[in-house]
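To start, the structure under review is shown below, and the notes come after it.
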Amino acid sequence: MIRQIWLIVLYLFVVYCSFNPVHANTLEPNISTDVKLEPAFWWAGMHNPELQLMLYSRERPSLPQQLKVNIQGQGITLKSLEHTDNPHYLFINLDLSQAAPQTFELVISSTDSASKTNTPLYRLPYTLQARAEGSRERQGFSNKDVIYLITPDRFANGDTSNDNQADMIEQVAANSLSNPSTPYYPNARHGGDIAGISQHLAYLAKLGVTQLWINPLLENNQAQYSYHGYSITNLYRVDPRFGSNEDYKALVAKANKLGLGVIKDVVVNHIGSNHWWLNDLPSQDWLNDATKTQLHNRESKPDLIQSTATKSSAMKSSVTSPRFTSHRRTTVQDPYAAAQDHSDFVDGWFTDTMPDLNQSNPKLATYLIQNSIWWVEYAGLSGIREDTYSYADKGFLAKWSKAVMAEYPNFNIVGEEWTANPITVSYWQKGKINADGYTSDLPSLMDFPLYEKLIASLNEPETWDTGFIKLYEMLANDVVYAEPSKLVLFEGNHDTNRIFSLVKENIDLYKMALTYVLTAKRIPQLFYGTEVLMTSPTEGRHDGVVRSDFPGGFANSASNAFTGQGLSEPQRQAQHFVRTLLNYRKQSPALQSGDLLHFVPQDGVYVQFRCALNAPLSAEQKAEALKSLIQKNSLTQHNACTQPSADKVMVIYNKNDKIITLDVKRFASVLGDSGAATDIISGKTVSLNQAITLPHAGVTILELKLKPNSKTKTKTKTKTKTKTKTKSPQNAGLPSSQDSMRSRSKANALTRAHTNNSTNNSANNLAKNSTQEGTQP
């Protein structure tokens with residue numbers, strides 16, 4: 001009797017947790033329990049009304065073919081039950097199109113005629129939550145934003161009590177943290193966490209960034225290198241050394257109130273070798289090259305919580321020579337590539353501790369898609385950064401990106417395709433017409449080609465074919481992209497050496513690099529600590545050093561970038577420079593969404609303009625602009641920079657160490673009636689009626705001013721002709737390059753053919769320049 005009472009109490013508690021949103025959010029899978037159900041809860045009213053539940057039980061008494069599921073809820077339809085070659089898994093497909101928010105029961109019984117009882121095997125409560133208001137319409141990151149990348153273990157330790165966890169293999173080594181010179185230190189866990197980020201959101205908002213891309217926060221229960229987050233062992237659980245699921249959700253909410261969005265780092269290519277799946281794989285084809293691993297031995301039940309003494313040997317013996325990826329990413333789109341070479345890249349493991357997932361398995365594909373959507377909906381995210389993008393099955397990637405963007409039409413996703421070849425990068429972007437017919441819904445990619453040229457051009461001497469000219473000519477390759485302005489350009493990330501070191505700790509080159517990233521016709525991204533001149537080696541991979549502790553984030557910090565205490569004068573100047581430029585960009589339509597016009601570098605000086613119309617053109621002016629564009633075959637004939645009424649920013653990059661004068665007559669078509677400009681860093685006024693004196697190497701950023709009454713006259717004249725509504729107050733005037741190209745194609749077939757041929761020729765030349773990504777996460 002007492003036993004029955006306790007069972008009833010336990011059941012009521014589980015039901016209560018399902019009804020209670022606070023507790024429901026903590027229902028995470030646990031390998032030690034008899035039954036696990038993923039995802040643990042969902043939402044009513046999703047755009048895609050179908051939901052697939054993965055039910056796992058190692059001790060289930062019936063085969064999946066002998067199970068039946070009864071839904072005790074309103075408006076919920078059981079579509080089908082699916083199983084695999086592993087009898088411990090059951091996949092339950094539901095239709096929620098008519099379902100309202102509720103908690104219902106999944107009653108699972110056996111149809112085995114030999115069964116002597118009709119008692120259900122499981123009665124599982126399941127909650128459909130109500131969606132947050134405006135969830136579907138959420139705005140993703142865009143050109144208005146500046147992204148700030150954080151490696152959470154190295155940013156700030158806000159809660160030392162969670163540094164070590166009993167159920168986590170790797171611990172924070174106190175002796176190594178007190179002595180950073182120890183060899184173990186760079187790749188050890190340091191204790192940074194969600195609390196540390198949360199406590200310093202005000203600093204980030206004041207700095208001027210608007211989006212936080214945080215390296216993976218999900219559980220990495222690995223024996224070593226668990227700090228970086230890319231060996232995920234539970235796709236629905238935040239690593240407890242960082243905090244909890246609720247802490248992550250609260251971080252996003254707090255950040256949003258300060259004007260900061262949060263971008264989640266997602267990994268669909270691989271998992272960690274200690275993921276709970278590896279003890280009992282859902283199917284024999286769940287992993288690529290699964291025959292080379294012993295981890296799917298379903299008869300054994302290895303303990304995930306290994307002791308420090310045995311964890312290394314256990315990890316080594318768990319894998320038997322998996323096939324590793326070749327990293328030859330061009331094999332995905334190469335029309336001449338051998339099938340084996342393609343397989344060697346896509347199906348190979350990243351490292352022995354990162355088993356490669358087989359996304360061509362439809363059940364796994366659905367699982368991964370739902371997992372991404374679950375986190376967006378649960379945490380309130382504004383973007384996804386997808387790791388090792390092209391390494392996954394490309395058919396799956398098309399389905400994944402389409403599913404996420406269909407659920408959130410204004411969302412944004414940026415994929416990592418690490419190559420210096422723009423043709424390879426452009427293949428994956430939405431809107432690109434590929435020769436093999438492949439289509440993608442991925443809006444953005446990391447602009448590695450432009451990043452590589454930025455570093456090279458700053459370090460090279462200025463000659464006919466070296467230096468700035470390489471950067472200038474790389475921009476001409478934007479013709480291969482569907483929408484180049486949607487790419488994310490960066491000065492560094494967790495896989496690259498620090499920018500200040502790469503430019504030989506030259507503060508002038510450093511400022512040029514950051515200015516280029518923050519004023520380019522791209523979505524800019526900064527790496528944590530760049531604003532205070534964090535350094536690293538310059539050759540090879542030194543991940544642990546690159547991801548060093550942020551000054552002031554840890555008890556042993558010698559200086560504090562959050563308060564400025566202990567920073568050197570160059571660090572303070574760099575921080576001020578970044579803060580000033582970032583906050584100016586926040587209110588500059590020209591830098592956020594304006595047109596780009598640049599001039600061929602001459603004598604070590606490279607000049608760019610960003611310009612945005614502050615008054616829309618009339619319908620007649622638009623028609624005339626498009627007509628001239630078609631006739632003259634010019635993409636810049638009606639660039640906003642040539643319009644008198646535009647807001648304009650002039651950026652001058654100068655490598656000359658001696659005093660030079662820049663003749664502004666060359667830029668008369670853009671300067672127009674601008675008689676003066678304001679230096680946005682110093683605040684000083686610069687005359688444009690005479691040559692500009694550049695006293696030394698560096699960058700000058702000028703906001704152009706019209707002569708008195710010039711802007712007023714232009715606006716008045718435009719207003720009398722305007723009779724139609726416009727889409728945007730910033731760039732609704734001139735036809736976009738994409739619209740112009742489409743119209744020109746329809747109007748003149750010969751011009752289209754010429755354009756296509758030119759693009760193909762550029763593609764053939766660029767295909768020779770791809771580079772190799774490093775193999776460490």
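These numbers come from the heavy atoms of this one structure, side chains and all, not from hydrogens, waters or symmetry mates. If you're wondering where the values come from, they're calculated on a predicted model, not measured in any experiment.
- Of the possible donor and acceptor atoms, none in the side chain of S226 sits under 3.5 Å from a partner among the backbone N and O of E170.
- Looking at K249 and D247, no side-chain N of the basic residue comes within less than 4.0 Å of a carboxylate O on the acidic one, giving no salt bridge.
- Outside the 6.0 Å centre-distance limit, the rings of W213 and F141 are not counted as a close aromatic pair.
- Checked for salt-bridge contact, D280 and K36 miss the test: no charged N lies under 4.0 Å from a carboxylate O.
- Side-chain atoms of W349 come within 3.5 Å of backbone atoms of N288 as a donor-acceptor pair (strictly under, hydrogens ignored).
- Between L368 and F396, some side-chain heavy-atom pair lies under the 4.5 Å cut-off.
- With ring centers used as reference points, Y230 lies under 6.0 Å from H494.
- With rounding to the nearest 0.5 Å, the separation of CG in N497 from CZ in R541 is 8.5 Å.
- With 3.5 Å as the limit, one finds no donor-acceptor pair spanning the side chains of Q222 and T353.
- For K363 and W286, the positive end is not near the middle of the six-membered ring at less than 6.0 Å and at most 45° from its axis.
- Summarising the local packing, NZ of K486 is surrounded by 12 or fewer heavy atoms from other residues, nucleotides or ligands at distances under 6.0 Å.
- Listed by chain and residue number, nothing satisfies the salt bridge (Lys or Arg N to Asp or Glu O under 4.0 Å) test with K432 (two or more places apart in sequence, or in another chain).
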Next item on the list: Evaluate the side-chain contact (heavy atoms from CB on, under 4.5 Å) criterion for residues Y248 and L381: first the C-alpha distance (whole Å), next the side-chain angles of each, then the deciding distance (0.1 Å), finally the verdict.
Entry: CA-CA 10 Å; Y248 182 42; L381 304 174; 3.2 Å; yes
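- Contact of the I92 side chain with the L90 side chain is registered, since non-hydrogen atoms from C-beta on lie closer than 4.5 Å.
- Checked by atom type, the side-chain pair T419/N421 shows no donor-acceptor distance below 3.5 Å.
- No donor-acceptor pair closer than 3.5 Å links the side chain of S343 to the backbone N or O of A339.
- No donor-acceptor distance shorter than 3.5 angstrom exists from the side chain of D393 to the backbone of Q359, with no hydrogens or angles considered.
- The backbone N or O of G192 sits nowhere less than 3.5 Å from a side-chain atom of H190 that would complete a donor-acceptor pair.
- Under a 3.5 Å cut-off, the side chain of Q284 and the backbone N or O of L281 do not form any donor-acceptor pair.
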Next item on the list: Apply the test side-chain contact (heavy atoms from CB on, under 4.5 Å) to residues R329 and E417: give CA-CA distance (whole Å), side-chain angles for both, the deciding distance (0.1 Å), then the verdict.
Entry: CA-CA 8 Å; R329 52 189 43 79; E417 173 58 296; 2.8 Å; yes
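- Between F411 and Y408, the ring-plane angle classifies as tilted under the 30° and 60° cut-offs.
- In this structure, T77 and L94 have side chains that are not in contact, with every pair of non-hydrogen atoms separated by 4.5 Å or more.
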Next item on the list: Give the intermediate values and the outcome of side chain to side chain donor-acceptor pair (under 3.5 Å) for residues D285 and S283.
Entry: CA-CA 5 Å; D285 64 346; S283 65; 2.6 Å; yes
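- R547 contributes atom CZ, which lies 5.5 Å from atom CG of D495 (distance to the nearest 0.5 angstrom).
- Remark: the backbone N or O of Y391 is not paired with any side-chain donor or acceptor of T388 at under 3.5 angstrom.
- N93 has its side chain within reach of E82: a pair of non-hydrogen atoms, C-beta onward, lies under 4.5 Å apart.
- Ring geometry for W374 versus F41: interplanar angle of 30 to 60°, hence tilted.
- To the nearest 0.5 angstrom, H47 atom NE2 is 12.5 Å from S97 atom OG.
- Side-chain atoms of H342 and D344, non-hydrogen and from C-beta on, never get closer than 4.5 Å to each other.
- Applying the salt bridge (Lys or Arg N to Asp or Glu O under 4.0 Å) test to pairs two or more places apart or on separate chains, those with a residue in residues 39-55 are E50-K79.
- A cation-pi arrangement is not found for R154 relative to Y528, the charged atom failing to lie both closer than 6.0 Å to the ring centre and inside a 45° cone about the ring normal.
- Side-chain rings of Y438 and Y427 approach one another, their centers coming within less than 6.0 Å.
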Note to self: Set out, in order, the CA-CA distance, both residues' side-chain angles and the distance that settles ring-ring contact (aromatic ring centres under 6.0 Å, His included) for Y148 and F527, then state yes or no.
What the structure shows: CA-CA 6 Å; Y148 189 87; F527 188 29; 8.5 Å; no
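- Between the CD1 atom of I150 and the CG atom of D265 there is a distance of 12.0 Å, given to the nearest 0.5 Å.
- The main-chain N or O of I413 is never found under 3.5 Å from a side-chain atom of R385 such that the two would form a donor-acceptor pair.
- Using a 4.5 Å heavy-atom cutoff, the side chains of E386 and N269 are not in contact.
- Every residue two or more places apart in sequence or in another chain was checked for a ring-ring contact (aromatic ring centres under 6.0 Å, His included) with F242, and none qualifies.
- In this pair, Y367 and Y236 present their aromatic rings perpendicular. The plane angle is above 60°, beyond the 30 to 60° band.
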Next item on the list: Take Y378 and E246 through the test side-chain contact (heavy atoms from CB on, under 4.5 Å) and record every step on the way to the result.
Entry: CA-CA 9 Å; Y378 169 74; E246 290 84 358; 4.1 Å; yes
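- When only modelled atom types and interatomic distance are considered, S372 and W400 share a side-chain donor-acceptor pair under 3.5 Å.
- No donor-acceptor pair under 3.5 Å is formed between the side chain of D447 and the backbone N or O of V488.
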Next item on the list: Begin with the C-alpha distance, continue with both residues' side-chain angles, and end with the deciding distance and a verdict on ring-ring contact (aromatic ring centres under 6.0 Å, His included) for W418 and Y389.
Entry: CA-CA 9 Å; W418 191 342; Y389 192 81; over 10 Å; no
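- Counting heavy atoms from C-beta on, the side chains of V546 and T496 never come closer than 4.5 Å.
- Applying the salt bridge (Lys or Arg N to Asp or Glu O under 4.0 Å) test between E377 and each of R131, K264, R136 identifies R131 as the sole match.
- Between H270 and F350, the ring planes are parallel. Angles under 30° get that label, and only those over 60° would be called perpendicular.
- Between W42 and I373 there is a side-chain heavy-atom pair separated by less than 4.5 Å.
- Between the side chain of N274 and the main chain of N221, a donor-acceptor pair closer than 3.5 Å is present.
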Notebook entry, point to check: Can L287 and N358 be said to form a side-chain contact (heavy atoms from CB on, under 4.5 Å), step by step?
Noted result: CA-CA 5 Å; L287 301 179; N358 175 22; 5.9 Å; no
